[in-house]
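Here's the structure, in structure tokens; my notes come after.
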Amino acid sequence: EAASPAIARVWFDGELVDADGPRVGVTTHALHYGSGVFEGIRAYATRDGAAVFRLADHLERMRKGATLLGIAFDPDVAAEAVVRTLRANGHRDAYVRPLAWVGAGSFGLDVAGHAQHFMVATTPTPVHLGGARTRLGVSRWRRNPARALPPLKLCGGYVNSILAKREAKARGCDEALFVDDDGFVVECTGANVFAVSGDRIVAVEHADALPGITRDTLVATCGAECRPMSLAELRDADEVFVCGTAAEVTPIAALEEREYGVGPVTREIAALYARLVRGLESMPAAWLATA
Ligand code: PMP
């Protein structure tokens with residue numbers, strides 16, 4: 001399949017190449033077993049040019065996944081690759097996808113002795129969730145338990161998200177909400193969950209959920225309380241929104257039969273986040289990396 005024309009160049013194993021250039025072998029270990037780790041990062045146009053939001057934090061999370069899989073990964077080298085790929089494509093507002101994976105070797109599960117690869121692609125197309133009318137369905141699938149698969153961006157772990165997304169879409173929903181055996185909210189397939197009740201903002205906490213960087217950003221900037229939350233409490237909240245690098249702050253219109261209005265608190269937080277990522281709010285200097 002040809003790469004999108006908007007993606008002219010990709011980073012592949014130490015250099016920029018034409019996007020449709022790299023060929024990956026059919027015996028690639030990651031293709032068979034999901035032995036890879038990726039990130040979803042975003043760059044935004046700011047007054048001082050393009051800037052990547054919380055690049056170092058994304059690459060640190062990626063390093064943790066790479067370490068688990070025995071993949072050599074240097075966050076500084078990866079940061080340089082991200083910036084160079086953005087520049088090569090002339091992308092300012094962009095979604096950035098780095099991936100490190102185990103390549104060809106044997107069909108054995110032991111990754112030792114296999115080739116390792118690293119790529120970065122950038123795309124100007126944002127990955128949307130469900131827009132302003134995002135409907136959540138409670139998934140019949142359980143989230144990968146952290147004790148079986150740590151909540152990092154390991155490729156194979158996303159089969160769990162794919163199954164839940166397929167089921168949600170088949171039922172006419174935009175996104176799936178994972179709930180655990182005890183009725184506690186975990187997260188969505190690619191976003192963390194927040195609830196607003198009165199003027200209290202709660203960032204839903206769960207051991208099986210990915211520690212989202214957007215969630216962390218909002219907790220640090222809008223005074224949210226982090227704690228576990230039952231599905232019943234979420235249903236009763238005044239406002240619900242989900243957040244992630246791609247989703248940004250997405251208001252939830254419905255959770256199964258329960259409908260929510262797009263409330264004032266969600267609107268305010270969405271606007272705050274939009275200003276933050278564009279460098280229009282004060283924040284730790286390390287959060288915006290010039291590209
Ligand atoms: N949960 C899952 C399962 C995700 O894939 C993502 C997207 N990375 C998130 C939450 C949100 O994380 P972040 O804010 O770091 O993008």
Side-chain angles (χ1 to χ4, degrees), residues 34 36-44 52-66 75 78 82 94-100 120-123 126-130 134 136 139 141-146 148-168 174-180 184-195 203-222 224 226 229 240-250 252 269-270 272-274 276-277 283 286-289:
V37 58
F38 67 99
E39 264 304 325
I41 310 174
R42 246 166 116 151
Y44 292 89
V52 189
F53 191 64
R54 300 198 63 173
L55 178 59
D57 297 302
H58 281 282
L59 295 176
E60 173 53 20
R61 184 168 67 189
M62 190 167 173
R63 189 196 59 74
K64 287 182 188 152
V82 166
Y95 182 79
V96 180
R97 166 55 54 84
L99 170 71
V120 180
T122 69
T123 160
V127 188
H128 283 301
L129 202 55
T134 299
L136 289 187
S139 186
W141 296 101
R142 290 290 175 252
R143 191 70 177 131
N144 300 316
L149 196 66
L152 291 165
K153 294 184 81 75
L154 303 173
C155 296
Y158 277 79
V159 172
N160 181 226
S161 286
I162 291 166
L163 295 182
K165 191 83 172 182
R166 273 174 59 77
E167 186 228 345
D174 302 294
E175 173 63 313
L177 177 74
F178 287 110
V179 172
D180 73 10
F184 282 90
V185 174
V186 185
E187 63 176 333
C188 292
T189 67
N192 294 114
V193 181
F194 278 67
V204 173
E205 194 170 82
H206 198 288
D208 300 339
L210 185 80
I213 290 165
T214 315
R215 177 185 185 277
D216 179 77
T217 300
L218 296 180
V219 166
T221 52
C222 64
C226 300
M229 183 175 287
V240 173
F241 65 87
V242 301
C243 71
T245 298
E248 300 183 302
V249 175
T250 297
I252 297 304
I269 292 171
L272 167 74
Y273 186 73
L276 257 172
V277 294
M283 72 186 96
W287 282 11
L288 276 186

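As the structure lists them, so they are numbered: ligands from 1, and atoms in each ligand from 1. Owing to the predicted nature of the structure, the values given are computational and were not obtained by experimental measurement.
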Excluding sequence neighbours, so at least two apart, what forms ring pair (Phe, Tyr, Trp, His ring centres under 6.0 Å) with Phe194?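 Testing Phe194 for ring pair (Phe, Tyr, Trp, His ring centres under 6.0 Å), a comparison that skips the adjacent residues, returns Phe241.
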In chain order, what residues pass the ring pair (Phe, Tyr, Trp, His ring centres under 6.0 Å) check against Tyr158, with sequence neighbours excluded? Phe38
Residues which pass salt bridge (Lys or Arg N to Asp or Glu O under 4.0 Å) with Arg54, listed by chain and number, not counting sequence neighbours: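 Counting only residues at least two positions away or on another chain, Arg54 forms a salt bridge (Lys or Arg N to Asp or Glu O under 4.0 Å) with Asp57, Asp216.
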Once you restrict both partners to nitrogen or oxygen, which atoms of ligand 1 have a protein partner under 3.5 Å, and how far apart are they?
unit_1: ligand 1; atom_1: 1 (N); unit_2: Glu187; atom_2: OE1; d: 2.6
unit_1: ligand 1; atom_1: 5 (O); unit_2: Lys153; atom_2: NZ; d: 3.0
unit_1: ligand 1; atom_1: 5 (O); unit_2: Tyr158; atom_2: OH; d: 2.5
unit_1: ligand 1; atom_1: 8 (N); unit_2: Lys153; atom_2: NZ; d: 2.5
unit_1: ligand 1; atom_1: 14 (O); unit_2: Ile213; atom_2: N; d: 3.2
unit_1: ligand 1; atom_1: 14 (O); unit_2: Thr214; atom_2: N; d: 2.8
unit_1: ligand 1; atom_1: 14 (O); unit_2: Thr214; atom_2: OG1; d: 2.6
unit_1: ligand 1; atom_1: 15 (O); unit_2: Arg61; atom_2: NH1; d: 2.8
unit_1: ligand 1; atom_1: 15 (O); unit_2: Arg61; atom_2: NH2; d: 3.0
unit_1: ligand 1; atom_1: 15 (O); unit_2: Ile213; atom_2: N; d: 2.7
unit_1: ligand 1; atom_1: 16 (O); unit_2: Thr245; atom_2: N; d: 2.9
unit_1: ligand 1; atom_1: 16 (O); unit_2: Thr245; atom_2: OG1; d: 2.6

Out of the candidates Met62, Arg61, Glu60, only one should pair with His58 under the side-chain contact (heavy atoms from CB on, under 4.5 Å) rule; please name it. Arg61
Considering the options Thr134, Val193, Leu210, which one meets the side-chain contact (heavy atoms from CB on, under 4.5 Å) requirement together with Cys188? Val193
How about CZ on Arg142, more than 12 heavy atoms from neighbouring residues, nucleotides or ligands closer than 6.0 Å, or not? yes
